[in-house]
Amino acid sequence: MTDSQPVRELPSKLVQLLRMLWRDKLACIAAAFLLLVICCALFGPMMLEDLATKQNLRGRNAPPFDFSKNWTFWLGGDALGRPLLARIIVAAGNTMMVAAGAVFCSLLIGTTLGMIAGYTSKLTSQIILRLADVIMSFPSLLLAVIVLYMLPASVGNLVIVLAITRIPVYLRTARAEVLEIRERMFVQAARVMGASTPRIIFRHILPLVFPTLITIATLDFAFVMLAESSLSFLGIGIQPPEITWGLMVAQGRSYLTSAWWLSFWPGLAIIFTTLSLNLLSNWMRVALDPQQRWRLEMSTQND
Amino acid sequence: MQKMFTLVLGSVFAAVTMSSAMAADSAVTIVLSEELDIVDPCEASRSNVGRVVLQNIAETITELNPAEGLKPRLADSWEDKGNGTWQFKLHPGVKFSDGTDFTAEDVAHSLKRIKSEALTCEIGAKFFGGMDISSTIVDDLTIDITADPAQPILPLLLSTVTIMPAESPMDSYVDTPIGTGPYIFDEYARGQHIKLSANGDYWGDKPAVDAATYVFRSDSAVRAAMVAAGEADIAPNIALQDAVDKGMDYSYPNSETVYLRLDHNTAPLNDIRVRKALNHAVDREAFVGTILADGTLLATGMTPPSTIGYNHSLKPYTYDPEQAKALLGEAEADGVPVDTEITLIGRTNNFGNVLETMEALLAMFQDAGFNMNLKMVEVAEWLEHYSKPFAEDRGPEIVEAQHDNANGDPVFSMFFKYASEGLQAGVQDTTLDDMIAASTALTGDDRKASWEETFKYIHEDLVADVMLFHMVGFSRVNSRLDFTPSIRTNSELQLSQIGFK
Amino acid sequence: MSLTLFAESPSIRTFLGKRAIASAISLVGLVILVFFLSRLTGDPTALYLPVDASQESREQFREIHGLNDPLPVQFARYMGDLLRLDFGMSIRRAEPALDSVLRGFKWTLQLALITMSLVTVMAIVVGSLAAFRVGGVFDRIATFCSLIAASAPDFWIAIVAIVVFSVNLGWVPTSGTGTVWHWILPVSVLFIRPFGLILQVVRGSMITALSSAYVKTARAKGVLDRPIIFVHALRNALLPVITVIGDQAAGLLNGAVIVETIFGFPGVGKVMIDAILQRDFAVVLAAVMVTAFAIFLMNLLIDILYAVLDPRIRY
């Protein structure tokens, strides 16, 4: 998400990109929302930690929209009388760390292995594919129980569990795309002209593989947040007093019939975040694809 | 593609049978929280097995009635012959559901079977550990049973032993249990249901319910929904937040006691002031009617208040964070390392709202000045903290536990939780060891008084643990049934006690 | 038709042979990994005996279930039994582990087949239609709905669905098995997430395929017939789609634990999570092997599909 390119060297390009973003209003809103989530994740835990853990058993399950109370209670209170809004803001930190960590690690490892598998000797390719098979059929719940039994249920260890289980999808997708692309004329041509393997991979193949992988990665962001929530549902995920949105949904689901807001708001946070990521990724696919960029560069008839 | 799809769908339609026509009016469906892995009656002390098998399929020779005390069931009478031997006169004319007669030989075999080495039956391990049980058949309907060391409450202990036919194998579990009870075990479709039907030749009164189906759903909201939707008649165990319908939901003391086990072998928990401070730090009243159900009782002892010898004069420690801080300060002045980080260990899914309870406890301890962190673990890991041998390099640990004693006497709890040799005891105290041993050997009023003394010593002199609550359970019962759950509903569910309105 | 031609070519036969060997190797690797890793989660004895059980009965229990021997000995014994197709006994259920697993797998397989067939058909149809007019009303609605669907926790949807459709409306049974009606809620809940995901991938790769050179060429040449363009583009777009379908199907074959738990559906996922939490190692291993075998078969199918769809790919 953060742009590592030095900004000053490419002012025109950045401005061009922002202009393209402005053209797609939905993507614009999405970007703004994600920025807000990132701010919450960065500063929320520092500023609201105490407020979010302050319990009041006798004022539990306070209903939402009671604007006479402190703003942190506007979304209601949880089962221990803690302000939901403050908790959602604080939980953004862990949630983003788990999801981003897991998605980034699996994307990086999976893509690397997949490209190697698609572009090297048969033996290496076979070994990598067998590895993917083993991971794919290794039950993720067993992995979670093993890791969390031996190591504490911290954010870092949860990232390990989730990242490992998500590697195969990137690996297989990257390999499949590479298999297809390397047969294309221009890649063959580059090879004939003596381009080195790394050059072919990074200059010719990666840019074509990337859009698909990014689509999957953004969707996986949702998947990982939900998987984390599922682990909490089964009681083997992250453990209180740490909080994530997924844990809040899992804890709140037993109150679905009596206090819906406990699991609804954090669920909504998950949905909005993934929705924004997806809208942004759809925009990015178009903006990054030279063949489709025209849709954003011209003022299109779709608007 | 289209064709293949039709084929797949068709095969599924064919695979499922259209047989869910409404059952007859005198049949009931009961939704349990946990599937039965084993249906052998020698495991009936496990609550999921007991609810199906105990007294429905397999009966016991004596029976504990929560209101009236110990009652005859398969035995008509018994007397103490001295030296640990009791003689039981069995009811004549009783038959097993396979047609064979019930005799003293079946009792003798069942007693041997629960202690069989090849089976490690739960009843044997839980109630008859550390003693030898032998029997002498006097005649077909008379049997002498001897316990070594002598057990003054042997007839009560025998209310846990399910009687199976003498032909039952000693080295493997049965998968179609046979007993003398009012119901016959018809079918177990694993993963789906268990079906029982009335035993036409039952020796006792004919029950109103003539067939029962048990199904299994692990989510409380679903169990409650099934009764609400009319798909099930009884959900014996639902969560507090699902018990919202006054017309269908019953609360009952479920014989479970929740407490925090303190490890007296590690500093700072070895200091009595620190243990007192822990007790004063908890606002027990705040839990009742909020996270835990209305009607939850504050505990001062390990067993439910209905147990013989429970000391009703004891008072729970008051909520007084200031005093807790003062006690901690005193201990610190004497060089007790009160700043050491203490681990509070909770068991996931132990009871409804356990997570909220543990989070609230943690906050209360932290408010009182304790340096504490919370660790929620699943059952296998929890057991390693709860039961001996404890890990060598453990720091100070406080383990949350829920203990169930529906059997009416503290003997089923005290040794294991408080004697120096007890597997879950955090305390080691020779005076307490002697008190437990003495109480165990006594009978009648002496026994009652001795247990009361023991409870007082644990609570006031040793401040052994942080006692919390006697819990309340919720059952949802279809309004067409005449059935009120009781303290025994946690371990058994006698179909013969269910009537129709 | 192309599939039959394909199976007869000698190269595919050697390919199948190689894959069988490769799969067997992965399976052995998997067994070794699961055997030793699952043993790291502790001794099951305490779980199976009452907390008050004596030290002697604990010893007895370990002896009966062979837990006293050193790990390598246990492993050698297990592999020996496995060669005779003996998967060991379930401690918890006191029956052959394979029986427990196959009973559950039968249900899971049906559930996965029905769900994935519905998902595949629906996602491809809706996704392609959305891609045909990017940014159009249909595209926006489809994208929006599928994204929301894919982002809601399934246990949440499941419980809300039971409360709404079974208790309040009384349309379908809450849970369990028995009639066709019992399948509606579990299949619907399972359908949602893979549908949202696959729809997005179909849409994405269709957009790419439709803007690729040869489709443009076709359009430029005046091929106005939509179906032809559609079929051409779809054929090309399907490669990444199949990968994601495979991934999702594998997830379902591994057992839809949450859905099975909530709806009381006796599938392999429930069997597996129970066995993991109860340290019933024989059942865990049997479940892993059965599902792994199914997943290997499916991956093989996917590789063959790749080759069918894209004749340039050779193995």
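Scope of the values below: all heavy atoms of this structure, side chains included, with no hydrogens, waters or symmetry mates. Proteins get letters first, then strands, A, B, ... in listed order; numbering begins at 1 in each.
- Every residue meeting the side-chain contact (heavy atoms from CB on, under 4.5 Å) condition with Val377(B), not counting sequence neighbours, appears here in chain and number order: Ile345(B), Lys375(B), Glu381(B), Trp382(B).
- Heavy atoms of Phe216(B) lying under 4.5 Å from chain C belong exclusively to its backbone.
- For the atom pair Ser218(B) OG and Asp274(C) CG, the distance stands at 8.0 Å (nearest 0.5 Å).
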Yes or no on side-chain contact (heavy atoms from CB on, under 4.5 Å) for Gln192(B) and Phe265(C), after CA distance, side-chain angles and deciding distance?
-> CA-CA 8 Å; Gln192(B) 300 177 62; Phe265(C) 216 85; over 6 Å; no
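- Shortest non-hydrogen contact noted between Val172(C) and Glu231(B) is O-OE2, 4.5 Å.
- Residue Glu378(B) holds its CD atom at 8.0 Å from CG of Leu47(C), rounded to the nearest 0.5 Å.
- For chain C, the nearby part of Arg46(B) is the side chain; its heavy atoms alone come within less than 4.5 Å.
- For a residue to count as touching a neighbouring chain, one of its non-hydrogen atoms must lie under 4.5 Å from one of that chain's; by this rule Glu421(B) does not touch chain C.
- Ser175(C) and Met226(B) get closest at one heavy-atom pair: OG-SD, 3.4 Å.
- How far CG of Leu383(B) is from OH of Tyr48(C): 12.0 Å, rounded to the nearest 0.5 Å.
- The choice from Phe412(B), Phe416(B), Phe127(B) that makes the most heavy-atom pairs within less than 4.5 Å of chain C is Phe416(B).
- Heavy atoms of Arg92(C) lying under 4.5 Å from chain B belong to its backbone as well as its side chain.
- To the nearest 0.5 Å, atom CG of residue Asp175(B) and atom CD of residue Glu95(C) are 9.0 Å apart.
- Interface remark: Lys115(B) contributes no atoms to any contact with chain C (heavy atom separation under 4.5 Å).
- Taking Ala229(B), Ala228(B), Ala225(B), Gly422(B) one by one and counting their heavy-atom pairs under 4.5 Å with chain C, the maximum is reached by Ala225(B).
- Listed by first and then second residue, the side chain to side chain donor-acceptor pair (under 3.5 Å) pairs involving residues 156-172 of chain C are Ser263(A)-Trp156(C) (not counting sequence neighbours).
- Look at Glu35(B) and Lys270(C) and you find no salt bridge, because none of the NZ, NE, NH1 or NH2 atoms lies under 4.0 Å from a carboxylate O.
- Rounding to the nearest 0.5 angstrom, the gap separating the CZ atom in Arg217(B) from the OG1 atom in Thr261(C) is 11.5 Å.
- Using a 4.5 Å cut-off between heavy atoms, Tyr386(B) touches chain C through its side chain atoms alone.
- Both the backbone and the side chain of Glu122(B) have a heavy atom closer than 4.5 Å to some heavy atom of chain C.
- When heavy atoms are compared at a cutoff of 4.5 Å, Phe263(C) approaches chain B solely by way of its backbone atoms N, CA, C and O.
- Gly191(B) and Pro266(C) make their closest contact through O-CB, 3.3 Å (heavy atoms, listed as atom of the first residue, atom of the second, distance).
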Which is it for Leu277(C) and Val379(B) under the side-chain contact (heavy atoms from CB on, under 4.5 Å) test, yes or no, and what are the steps along the way?
-> CA-CA 8 Å; Leu277(C) 292 178; Val379(B) 52; 5.7 Å; no
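- Both the backbone and the side chain of Ile262(C) come within contact range of chain B, with heavy atoms under 4.5 Å apart.
- Residue Ser387(B) touches chain C through its side chain alone, counting heavy-atom pairs closer than 4.5 Å.
- Heavy atoms from other residues, nucleotides or ligands lying under 6.0 Å from CD of Glu59(C) number more than 12.
- Using a 4.5 Å cut-off between heavy atoms, Ala221(B) touches chain C through its side chain atoms alone.
- Atom OG of residue Ser90(C) and atom CG of residue Asp37(B) lie 7.5 Å apart, to the nearest 0.5 angstrom.
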